[in-house]
Number of protein chains: 2
Amino acid sequence: MPETPRRPDSRYGNRPTMKDVAARAGVGLKTVSRVVNGEPGVTPETERRVQESIEALGFRRNDSARVLRKGRTASIGLVLEDLADPFYGALSRAVEEVARAHGTLLINGSSAEDPEREQELALALCARRVDGLVVIPAGDDHRYLEPEIKAGVATVFVDRPAGRIDADCVLSDNYGGAREGVAHLIARGHRRIGFIGDMPRIHTAAERLRGYRTAMQDAGIPVEDAWMSLGATDPQRVRHAAEEMLSGPEPVTAVFSGNNRVTVTVIRVLAERTRPVALVAFDDLELADLLQPGVTVVAQDAAALGRTAAERLFRQLEGGLATPERIELPTRLIARGSGELPPAD
Amino acid sequence: MPETPRRPDSRYGNRPTMKDVAARAGVGLKTVSRVVNGEPGVTPETERRVQESIEALGFRRNDSARVLRKGRTASIGLVLEDLADPFYGALSRAVEEVARAHGTLLINGSSAEDPEREQELALALCARRVDGLVVIPAGDDHRYLEPEIKAGVATVFVDRPAGRIDADCVLSDNYGGAREGVAHLIARGHRRIGFIGDMPRIHTAAERLRGYRTAMQDAGIPVEDAWMSLGATDPQRVRHAAEEMLSGPEPVTAVFSGNNRVTVTVIRVLAERTRPVALVAFDDLELADLLQPGVTVVAQDAAALGRTAAERLFRQLEGGLATPERIELPTRLIARGSGELPPAD
DNA sequence: TAGAGCCTGGACAACGTTGTCAGATGCAGG
DNA sequence: CCTGCATCTGACAACGTTGTCCAGGCTCTA
């Protein structure tokens, strides 16, 4: 009994393969591969025929197969919190540029600040065999990445450190920046200074809070609980917190805002008040200099964070790195007016 | 003479494969595949053994091989201009959410407004066999995508239409929005109205300019060349253009700004002047309502653009679409003060 | 206890590419 | 004309996965 011919499985809308190109050009499969990859050892005449055949068929090399064979994908992954946030947008773009310079594609995904989604994304990227991974952690336990790292996936954490594993990370000096910003307010004579930040389980938020506390302590000012708000950064909660600490018999005369999302809400609340309240904000904002008064900020350099992390990643891939390191980038205080207002008791 | 054993080619840092997992669990290869993919037909006991083996070895399925076999990558590509621009960040995020709902990964790349780079990126994504492509065009000739589309890559253009090919596209009503914005100024009594926009080779810029011209014409106001600036959107050029049209014996009393990059510079220039000048800007800005005066804008909905495009893409993939369509989303005029200033001659 | 039918598990080919290696061809020198 | 060498070319296996198909063991019924 003759073999029944197998029906081919579904293919990518029936795209031509090297085999098809070879058949049309009347050459061997490997010769096409050589032409496509610019390898030497092909007569100009043969090459011409192959090129013509490629054009005619609209052939495009299937990188999945290539990857399978070669073991390198020439792609890296970036897990961040939310691409719609300009801070992460700038960071992502910086990583992309470094990747591009290394002939590498960047795949990024948003975790939406959800640890589970972070893990899901990171592992999906590993399953696609990205060569490396830049992670802006949402969760605080990254042991799930251990097998991947051991298997050779270069990994760098940015903005927040890795949890429970030893890995490269690139951070801003959150503690130092916040401390400097609060000290700036104290130097202008403020004593009752509010702090509105994100949930302290987030490393950056915790560090900034620590900077606030230290600055206050350095100045010998006991901090009252009513001055601090630590929680989600949705407008409603922030608004409520701000209004709370601005009212009562002993309201704060200045506010330190823990991140850009908090800041936009705080600015709105302050704009509704008549009594001037000083403000220093962590993270810079577009147009911050054009508000009345201009917003004094502790700026971090998102692009530098991304660039540094990506460069470190490629150094890992080139095999030139010994032990994980923690790199901290400085922040910069930019005085624009809001942070220089005197206390108005 | 005995066969010399082949040395294995380089592999991904020697990751375990299904074969390894099968060997350790004492089962067949296909059984592991079944467990990994949750296919039926495996005894609980066998499944347990396999799971244990997977854990122990730190196995992760190789999606490249899977893709090769299955023909679908469960990923789509997004070619945009610059992720660091909040407008595109929001758009990208919206596309990502739709993709995620379809179990699909999003790969995005920045063209930096360079047509060649756009093409390079789009084709690189096709080589990775993305199932679909969302493109925010930088160039104006997309015939290079024809073979891909014919081969089954679903394609949707956003923000700007495709050039020289027939394809789905999702746009904002740039013409109508600009026209409405300029008419808004005319209704407040302005006649000398400046327009500062991007290079007219960019579709959105051309359409907005057309809206400006139409609104002026509708009001019977002849437009003078000195009122229009069409070119790159770097701060220096924009600043120069703005200062130019604000000085001289017959300066403009209002400015229509063609996009968000232009707007930030125009605001700066206006803030330096004492004579109030009205402003309506295309694209919304964070904090635009907190400036003095608040900035009146013609807002487009980046998220809606992205969402609509992505949904259309998946409809294409499900095969439910007949002919390419051009979808236009409305813009929204938001009056905040700057656009309601009367002319100050 | 035999036969039918179901369930589980495994052997094998195929996806499209690249690395290896050996065969074919051409040319110069003896 | 043959040999040796360099240059081109193609056959073949392998990458890790999944689809197909069949074998073997089990239960159930007559």
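Not measured: the values here are computed from a predicted model.
- Heavy-atom neighbours of B:E116 CD from other residues, nucleotides or ligands within 6.0 Å: at or below the threshold of 12.
- Each of B:R34 and B:D63 was assigned the nucleotide of DNA chain D with the nearest heavy atom; the assignment lying further toward the 5' end belongs to B:D63.
- Listed by residue number, the members of residues 23-31 of chain B with any heavy atom below 4.0 angstrom from DNA chain D are B:L29, B:K30.
- B:R307 and B:E96 are not joined by a salt bridge, as no carboxylate oxygen comes within less than 4.0 angstrom of a charged side-chain nitrogen.
- Between the side chain of A:N37 and the main chain of A:R34, no donor-acceptor pair closer than 3.5 Å is present.
- Between B:R66 atom CZ and C:dT17 atom P the separation is 20 Å, expressed in whole Å.
- Look at CZ on B:R72: it is 18 Å from C1' on D:dG19, rounded to the nearest Å.
- In this structure, B:K70 places its NZ atom 11 Å from P of D:dT20, rounding to the nearest Å.
- End-to-end axis angle of the helix from C:dT1-D:dA30 to C:dG30-D:dC1, from C1' rotation axes over five pairs per end: 60° (rounded to 10 degrees).
- Residue B:D114 qualifies as enclosed at atom CG: its count of foreign heavy atoms under 6.0 Å is above 12.
- As a whole-Å value, the separation of B:L57 CG from D:dG16 P is 14 Å.
- Side-chain atoms of A:D159 never come within 3.5 Å of backbone atoms of A:I136 as a donor-acceptor pair (strictly under, hydrogens ignored).
- Using a 4.0 Å cut-off between a side-chain N of Lys or Arg and a carboxylate O of Asp or Glu, B:R312 and B:E325 qualify as a salt bridge.
- In this structure, A:E146 does not pair ionically with A:R143, as no charged nitrogen and carboxylate oxygen lie closer than 4.0 Å.
- Residue A:N62 contributes atom CG, which lies 17 Å from atom P of D:dG16 at whole-angstrom precision.
- Listed for the A:S53 side chain is a donor-acceptor partner under 3.5 Å among the backbone atoms of A:V21.
- Comment: A:R160 engages A:E113 in a salt bridge, judged by a side-chain N to carboxylate O separation of less than 4.0 angstrom.
- Rounded to whole Å, atom P of C:dT17 lies 9 Å from atom CG of B:L68.
- For the segment residues 36-53 of chain A, the set of residues with a heavy atom within less than 4.0 Å of an atom of DNA chain C comprises A:N37, A:E39, in numerical order.
- Atom CD of A:E55 has 12 or fewer heavy atoms from other residues, nucleotides or ligands within 6.0 Å.
- Note: B:H102 and B:F314 have parallel aromatic rings, judged against thresholds of 30 and 60 degrees for the angle between ring planes.
- Protein atom CE of A:M18 is 14 Å distant from nucleotide atom P of D:dG10, rounded to whole Å.
- Rounded to an integer number of Å, the gap from NZ of B:K19 to C1' of C:dA11 is 13 Å.
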